[in-house]
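One structure is given below, encoded as structure tokens.
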There are 2 protein chains.
Amino acid sequence: MITENNIDKLAFRHALGNFATGITVMTATSPEGNRVGVTANSFNSVSLEPALILWSIEKTSSSFSVFETASHFAVNILAADQMHLSNHFAKRSDDKFAAIDFEEGRANTPLLKGCAATFQCERHAVIEGGDHWIIIGKVVAFNDEGKAPLLYHQGSYSLVMPLGRQNPTKESNTENNIDIAQSDNELNNYLYFLMIQAIRSYQADYQPKQLGTGLHTAEARILMSLKTEQNLTLETLSGQVNMPDHDLQDAINLLQNKGFISKQGADFSLQDAGKEMATTLWKIALDEQKHKFENFSDEEVTTFKRMLIDLINQH
Amino acid sequence: MITENNIDKLAFRHALGNFATGITVMTATSPEGNRVGVTANSFNSVSLEPALILWSIEKTSSSFSVFETASHFAVNILAADQMHLSNHFAKRSDDKFAAIDFEEGRANTPLLKGCAATFQCERHAVIEGGDHWIIIGKVVAFNDEGKAPLLYHQGSYSLVMPLGRQNPTKESNTENNIDIAQSDNELNNYLYFLMIQAIRSYQADYQPKQLGTGLHTAEARILMSLKTEQNLTLETLSGQVNMPDHDLQDAINLLQNKGFISKQGADFSLQDAGKEMATTLWKIALDEQKHKFENFSDEEVTTFKRMLIDLINQH
């Protein structure tokens with residue numbers, strides 16, 4: 001779909017969602033001592049020498065005045081287990097730092113704990129960019145914890161999956177398959193790498209089939225959740241589908257406009273068209289599962305499932 | 001580690017690498033018909049109304065003159081299977097488009113095929129940002145394919161992994177474990193979701209142990225690859241570890257400086273200290289594997305492995 005001239009805002013945001021990013025919380029303290037923190041995924045590096053980074057903030061944001069007056073701000077790159085901080089700092093609240101664990105950096109800037117990395121910056125420049133201000137900062141100190149990061153992709157929270165080897169099948173037989181009996185390469189026997197490759201392979205086959213319904217993954221997941229658990233509040237649904245509130249609301253609006261779901265009191269539930277679509281989505285999912293495991297017995301599949309659940313419960 | 005005032009450039013780049021991003025190829029054609037394309041992960045959205053995006057390009061880039069004079073440029077967001085395009089457009093070459101499949105958009109801008117999304121932009125503004133130019137574009141058309149994207153994280157190519165449910169153990173027993181026999185929830189029986197959660201759980205326990213050696217994942221993977229396959233050329237190593245050339249070279253320099261690897265002719269191999277570290281890394285990996293699967297018999301683990309390999313080979 002190419003949209004000319006008149007940009008459809010929701011379609012534009014959906015298209016931008018294909019660019020996966022990490023998630024940051026930008027923090028600052030005004031000279032008067034007012035602390036602000038906002039969730040942003042518009043962060044990126046600009047320059048190595050001098051060390052410059054940028055991000056952008058909505059012109060209507062009430063926090064902007066602090067970022068405009070504070071001499072410093074901090075970029076807190078959220079780790080995979082910090083979804084709650086992303087949600088927390090994306091909401092309006094009188095004192096966002098009341099129950100938050102932080103230290104203070106330069107100019108009393110709040111530095112969140114447990115992040116993947118933190119950059120302390122001097123305000124370098126503020127540039128107009130349509131309905132946002134682009135804030136450029138000069139990095140004066142940083143902290144690198146190297147933790148797995150939280151991701152934002154197509155309106156959902158996600159994680160980074162390391163790529164397996166490019167040629168896992170390199171040393172294998174003529175059909176280009178891994179022959180486990182023949183392989184004495186440690187890399188081909190290492191279950192963690194194999195699990196990653198198996199997921200990648202599964203996803204590559206399954207995802208296009210799901211997208212073929214015209215729904216994005218997150219929308220599909222909302223319908224699939226409502227099919228299995230019927231009535232769900234916004235809060236429960238949010239925990240099920242792992243989406244920021246703003247994106248969840250967009251997806252719900254879209255599903256309501258399509259007549260797939262409706263709201264009664266605090267609960268969302270499937271309408272008839274939604275039940276039909278949810279059934280289709282589950283059929284795609286379960287047909288794919290059946291196809292993917294057709295070379296194995298029910299007993300073997302049960303063992304496989306037991307082992308996955310054991311891995312999940314160990315953490 | 002907090003670095004004050006004098007920013008160590010490599011450490012700064014490492015810390016920035018914690019912010020995972022998608023990968024784009026920026027393309028344009030000069031009024032004289034010269035096509036350029038550069039790999040960039042500095043892309044981000046700025047404004048919805050008007051629809052503005054930005055990215056930055058090194059001031060020393062020979063392609064900048066085309067982006068400076070062309071009325072339009074395109075943002076091509078690479079899909080998960082387009083690592084070759086990321087590598088291709090990151091290298092210098094006389095005619096980068098010789099063997100590339102593309103269409104032409106506004107102002108003859110090359111639009112790469114098979115991307116996750118493509119944005120056609122008018123040049124809106126060019127702003128100085130240290131050793132880079134920040135290019136702001138106004139989006140005039142876009143194409144949304146919704147494909148799984150290629151990621152860049154800590155110097156390596158990676159993929160997006162959807163987050164499983166936040167509370168997979170919600171309906172389970174008092175020990176907060178999934179009880180497979182008791183669960184009749186489709187979501188708890190769906191192997192694709194369970195595989196994702198199992199990987200996430202495995203990664204959360206394993207990765208900190210690997211990072212505890214002081215090596216980043218990519219550096220660890222280089223040593224682990226060289227341990228299993230001995231002498232490898234840069235090209236083979238690149239395929240094994242899935243890193244952009246620039247980052248692979250950084251990691252190799254670091255490992256050479258630490259006395260872990262050396263180069264003889266075209267081949268890289270482990271030095272004694274490197275062999276020792278690789279042995280440690282494999283021990284961490286295999287100890288973790290043993291621990292993770294201790295509740296299961298050798299036969300069950302073999303079945304698990306066979307099923308993973310079957311999934312990998314089906315794609």
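Letters A, B, ... mirror the listed sequences (proteins, then strands); counts begin at 1.
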Which portion of His291(A) sits near chain B, non-hydrogen atoms under 4.5 angstrom: both
Tyr152(A), part contacting chain B, at a heavy-atom distance under 4.5 Å: neither
Contact leader toward chain B among Leu150(A), Ile136(A), Thr217(A), Asn41(A), where contacts are heavy-atom pairs under 4.5 Å: Asn41(A)
Contact summary for Ala15(A) and Phe142(B), nearest pair of heavy atoms: CB-CD1, 3.5 Å
Part of Lys147(A) within contact of chain B (heavy atom distance under 4.5 Å): backbone
Options Ala51(A), Ser56(A), Ser156(A), ranked by heavy-atom pairs under 4.5 Å with chain B, top entry: Ala51(A)
Spacing of Gln197(A) atom CD and Ile312(B) atom CD1 [to the nearest 0.5 Å]: 4.5 Å
Side-chain donor or acceptor of Ser47(B) paired with backbone N/O of Asp131(A) under 3.5 Å: yes
Donor-acceptor contact below 3.5 Å, side chain Gln314(B) vs main chain Lys292(A): yes
Stepwise side chain to side chain contact (heavy atoms under 4.5 Å, CB included) check, Val301(A) with Leu191(B): CA-CA 9 Å; Val301(A) 173; Leu191(B) 293 171; 3.8 Å; yes
Nearest heavy-atom neighbours spanning Phe12(B) and Val139(A): CE1-CG2, 3.7 Å
When Leu48(A), Ile53(A), Thr303(A) are compared by non-hydrogen pairs under 4.5 Å with chain B, the top option: Leu48(A)
Any donor-acceptor pair under 3.5 Å from Asp310(B) side chain to Phe293(A) backbone: no
Structural part of His14(B) lying under 4.5 Å from a heavy atom of chain A: both
Contact winner vs chain B - Tyr157(A), Tyr206(A), Phe296(A), heavy-atom pairs under 4.5 Å: Phe296(A)
Leading residue by heavy atom contact count with chain B [cutoff under 4.5 Å; candidates Ala117(A), Pro149(A), Pro208(A)]: Pro149(A)
